[in-house]
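Naming: A, B, ... by sequence-line order, numbering from 1 per chain.
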Number of protein chains: 4
Amino acid sequence: MAKTASIPETEPKPRGRQRSHVCESSILSATMELLETKCLRDVTCDAIAQRAGVSKATLYKWWPNKNLVALDAFLSSMRRSVPTPDTGSALNDFTLELESVIRFYATPHGAMFRQFIAEGQSDPEFLALFRERFLRSRREEVRIIWERGVARGELREDIEVDLALDLIFGPMIYRHLVGHAPLDDLHAEALVAVAFRGLQKQPCPNDSVDPRKVPAELEPEKRPLAG
Amino acid sequence: MAKTASIPETEPKPRGRQRSHVCESSILSATMELLETKCLRDVTCDAIAQRAGVSKATLYKWWPNKNLVALDAFLSSMRRSVPTPDTGSALNDFTLELESVIRFYATPHGAMFRQFIAEGQSDPEFLALFRERFLRSRREEVRIIWERGVARGELREDIEVDLALDLIFGPMIYRHLVGHAPLDDLHAEALVAVAFRGLQKQPCPNDSVDPRKVPAELEPEKRPLAG
Amino acid sequence: MAKTASIPETEPKPRGRQRSHVCESSILSATMELLETKCLRDVTCDAIAQRAGVSKATLYKWWPNKNLVALDAFLSSMRRSVPTPDTGSALNDFTLELESVIRFYATPHGAMFRQFIAEGQSDPEFLALFRERFLRSRREEVRIIWERGVARGELREDIEVDLALDLIFGPMIYRHLVGHAPLDDLHAEALVAVAFRGLQKQPCPNDSVDPRKVPAELEPEKRPLAG
Amino acid sequence: MAKTASIPETEPKPRGRQRSHVCESSILSATMELLETKCLRDVTCDAIAQRAGVSKATLYKWWPNKNLVALDAFLSSMRRSVPTPDTGSALNDFTLELESVIRFYATPHGAMFRQFIAEGQSDPEFLALFRERFLRSRREEVRIIWERGVARGELREDIEVDLALDLIFGPMIYRHLVGHAPLDDLHAEALVAVAFRGLQKQPCPNDSVDPRKVPAELEPEKRPLAG
DNA sequence: AGCTAATCGAGACGGTACGTCACGTCTTAAT
DNA sequence: ATTAAGACGTGACGTACCGTCTCGATTAGCT
């Protein structure tokens, strides 16, 4: 677990030498600089410490490992909150937002995002932290777009927000992680457009519930495959 | 780059001692066994070799690193092809397929899938190989569902297949990689249902409406954020 | 090249954790212990490190290879200087000294001596170091015997010291390296006795000059052979 | 233990394919060629086999290890026996012989000689073989010089031959192995001269230096490896 | 002013895995 | 039966990064 990475200033100062702010910020910026060049996997704690002009012990004193250093560096360099678009149209807002996401992925920050997910696959605790500290707030913001749309009657209110958001952002992120198909503004538009047909209030005329005759469920021994 | 991992049997046998099938398969199965216990990151080549009763040199002779060993192990233990569902309804087929994917993710194979993507984030060459050797054939199969749907007139023919597939599977995979929301058959159904409203032929009446007054494009210096 | 193998103690201490004396000495003594059992060729760095309870990295940090570890171990366990004999007679002194050498060769140290020379045949740099760090000081000491003898008028002053020393010690060492003839105190005495007839001042009465008729120089294409 | 390295031709031919002479000689010459470049330690069996265009198995079929291959290569390329000098004077003969030895050490063969001794330090069996197969015959030849000298009354008959030979050749070889002092014809002369004062029947009062023309000194760069 | 913590730099250390190399054995098909 | 080709197990190599630790040196609040 990460200790307090941000320096609290309120409490009664403890005895002794105070924690150096210079120290913290130079570690964070050294980390960001290194991550411009190499991927998180290839950035070593030694390198961070050396570049920051800081001893490794200091680094380990405040962070348990380099992933969390990187996460803090990521967060602190993303502080400036971006206003979620509010054009009066949810379709519009999401399209703009999705284009933002795509542009984001082209930045070093985008690469970090992917690598956080990657690291998370072998460190669930870190993944949880990543979700809490970064993803949650992001989703809160786009959730607002959704809710405005619902309030305006543009969007179906019978759909879970999480499902809706995943439907909109999931394909992009999947594509970015795996790289099996191109990503640009055109694709963003197309994707939102199609997704919205499912999310918008105006129902398709014959959206009659499927009369599907479910065949005997897939025999269990048949090995399921990934999409 | 991986050398020939599978042993070809057709050509005129080369001089000298033949490559040992025992050797290869014991490496692969040792790898699978280890991956039941620990994640790919934590499985070492030493451990694989030892467990397989094989020398490390032999392992390195045929695979450049453990990721590719794991990929081969993964592939060879997935050989049994699963018939893609064909119920006569694309909606049905995709729902079934998606449920399969979800069940797949709960297996060790699913975990491997995620870790391949994770490893791919710091090894693009490997990611490419993963796409070619595994993902492509999977997508070919589900593409058939799509095309059948289009042929039957159930699905819009003006939508890129890749986009459609990502719309259906992307959200699931994203969710599984990040773990921010639950995954079960119910969600699968809901997801396909919603996605299908966008993909089906019968368009929503006023899908054409796009009165969006795009506000001045997001100022470029505003940092785009992830969804 | 070996870095400083001995730990200097005088200067102002450098920053940071100090080099561990325990570490160094346990490496050296582990090395000596292993060399009691097996020859230098068969002692591995892994074994030294393990026996010393030290990480291999630490070993490699201070020594470039096992030969230099062994040399240091050898030197530090030979620290006790052996008093060069001083009986008033050079003949006597050298005889005593030679017997010492022979006895020395029967010890593990003697075996190490031979193996240093052996290793030196494929590593000239190491051989040079061996000469500088060990042999030189040894020869300085016996050189004193020689010079005392010259001063006393017992020995010819027109003979190069190095030649004299090699005449006295070379045969022994050759014999020990190759093992073609026995070595004991008797042989030591005989050898010094004979050698001394050539080195002593008092010439034998009739030193009839050789009337040798030099044959034409050896035809160059005739291959010269070893003795 | 080395099997028969030389091919016997007398017996009734065994069944099957006959041993290839080409094979043997190409191994030997490949070995010699490689030893011109690198020291015995650094010549690998793989390299010998590859250069000889021969399989490693063939090599190991006839020799137990590369040292013995090298020894055979050495011997077979030294076949041409050199007539021991016979000038009528033992002093002269030994001086000539010693000069030969020194020249020999400057050749690749000389380097091999040293490396055989080096290898012998960790492989006593090999050392023994080296003594038997090479050294012994060499010593037999110089022993003849000694015995002629004794017969002629030039040399003391109360001295063990081995001791005499070691007194003459030991210093040179020691010097060559360790490289602590220079070696040239002048030193050879001086050394024999001094040694002879101890070995001759009537020791000579004035060691007048002989006026022989010293053969052009061997170019220094021809001295391979240590020493 | 001195005392007492806490922090910081430097960097040594044990541990573990890496990927490579040479050895000597073994297997196979061809000669 | 011998050969060329070459796969294989063994085991050491020297390197790299991890996270811990031990040193003084520095700094600041507290006595």
Side-chain angles (χ1 to χ4, degrees), chain A residues 12-20 22-23 41-47 49-50 52-66, chain B residues 12-20 22-24 42-47 49-50 52-66, chain C residues 12-20 22-24 42-50 52-66, chain D residues 13-20 22-23 41-47 49-50 52-66:
Chain A
K13 280 194 180 178
R15 311 253 320 249
R17 182 173 177 174
Q18 300 308 300
R19 177 172 175 189
S20 157
V22 176
C23 205
R41 265 296 267 281
D42 296 346
V43 169
T44 70
C45 291
D46 288 88
Q50 186 176 345
V54 146
S55 95
K56 249 197 311 176
T58 302
L59 193 156
Y60 278 108
K61 165 135 210 177
W62 303 108
W63 293 273
N65 59 50
K66 72 179 171 193
Chain B
K13 280 194 180 175
R15 306 281 301 270
R17 182 173 178 174
Q18 300 307 299
R19 177 172 174 189
S20 157
V22 176
C23 208
E24 177 180 36
D42 296 346
V43 169
T44 69
C45 289
D46 286 274
Q50 186 177 342
V54 147
S55 94
K56 240 194 322 173
T58 301
L59 194 154
Y60 279 110
K61 165 141 208 174
W62 301 109
W63 292 276
N65 58 52
K66 70 180 171 193
Chain C
K13 278 193 182 177
R15 305 282 300 270
R17 181 174 179 174
Q18 300 306 300
R19 179 174 173 189
S20 158
V22 176
C23 208
E24 178 182 35
D42 295 345
V43 169
T44 69
C45 289
D46 286 274
I48 293 174
Q50 186 176 344
V54 147
S55 93
K56 241 195 321 173
T58 302
L59 194 155
Y60 279 110
K61 165 142 209 174
W62 302 108
W63 292 274
N65 59 52
K66 69 179 170 191
Chain D
K13 279 194 180 179
R15 310 250 322 253
R17 182 172 175 177
Q18 299 307 299
R19 176 172 177 190
S20 157
V22 177
C23 207
R41 263 299 265 282
D42 296 346
V43 169
T44 70
C45 291
D46 288 271
Q50 186 176 345
V54 147
S55 95
K56 250 196 313 174
T58 303
L59 193 156
Y60 278 109
K61 164 136 209 175
W62 302 107
W63 291 274
N65 60 50
K66 71 177 171 192

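- Rounded to whole angstrom, the span from the CH2 atom of A:Trp63 across to the C1' atom of F:dG19 amounts to 16 Å.
- Taking the salt bridge (charged side-chain N to carboxylate O under 4.0 Å, His left out) definition, one finds that D:Asp42 meets it with nothing, sequence neighbours left out.
- Across every non-hydrogen atom of C:Lys66 and C:Ile48, the tightest pair is CB-CD1, 4.4 Å.
- For C:Arg17 and E:dG11, the CZ to P distance is 14 Å, given to the nearest whole Å.
- As a whole-Å value, the separation of D:Leu59 CG from E:dG24 P is 10 Å.
- Not one side-chain nitrogen or oxygen of D:Trp62 sits closer than 4.0 Å to the OP1 or OP2 atom of F:dT2.
- The heavy-atom pair separating C:Ser55 from C:Ala49 by the smallest distance is C-CB, 4.2 Å.
- Of the candidates E:dG11, F:dT3, E:dG14, the closest approach to any side-chain atom of C:Cys23 belongs to E:dG14.
- Taking side-chain N and O atoms only, D:Thr58 has no distance below 4.0 Å to OP1 or OP2 of F:dT2.
- Counting only heavy atoms from C-beta outward, the side chains of B:Trp63 and B:Cys45 never approach each other to under 4.5 Å.
- For the pair D:Lys61 NZ and F:dA4 C1', the interatomic distance rounds to 14 Å; values are reported in whole Å.
- Atom CG of residue A:Leu59 and atom CD of residue A:Gln50 lie 13.0 Å apart, to the nearest 0.5 angstrom.
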### Task
Sugar-phosphate means primed atoms, P, OP1 and OP2; the rest is base. With that split, encode nucleotides 16-23 of chain E 5' to 3' as B, S or - using protein heavy atoms under 4.0 Å.
-SSBBBSS
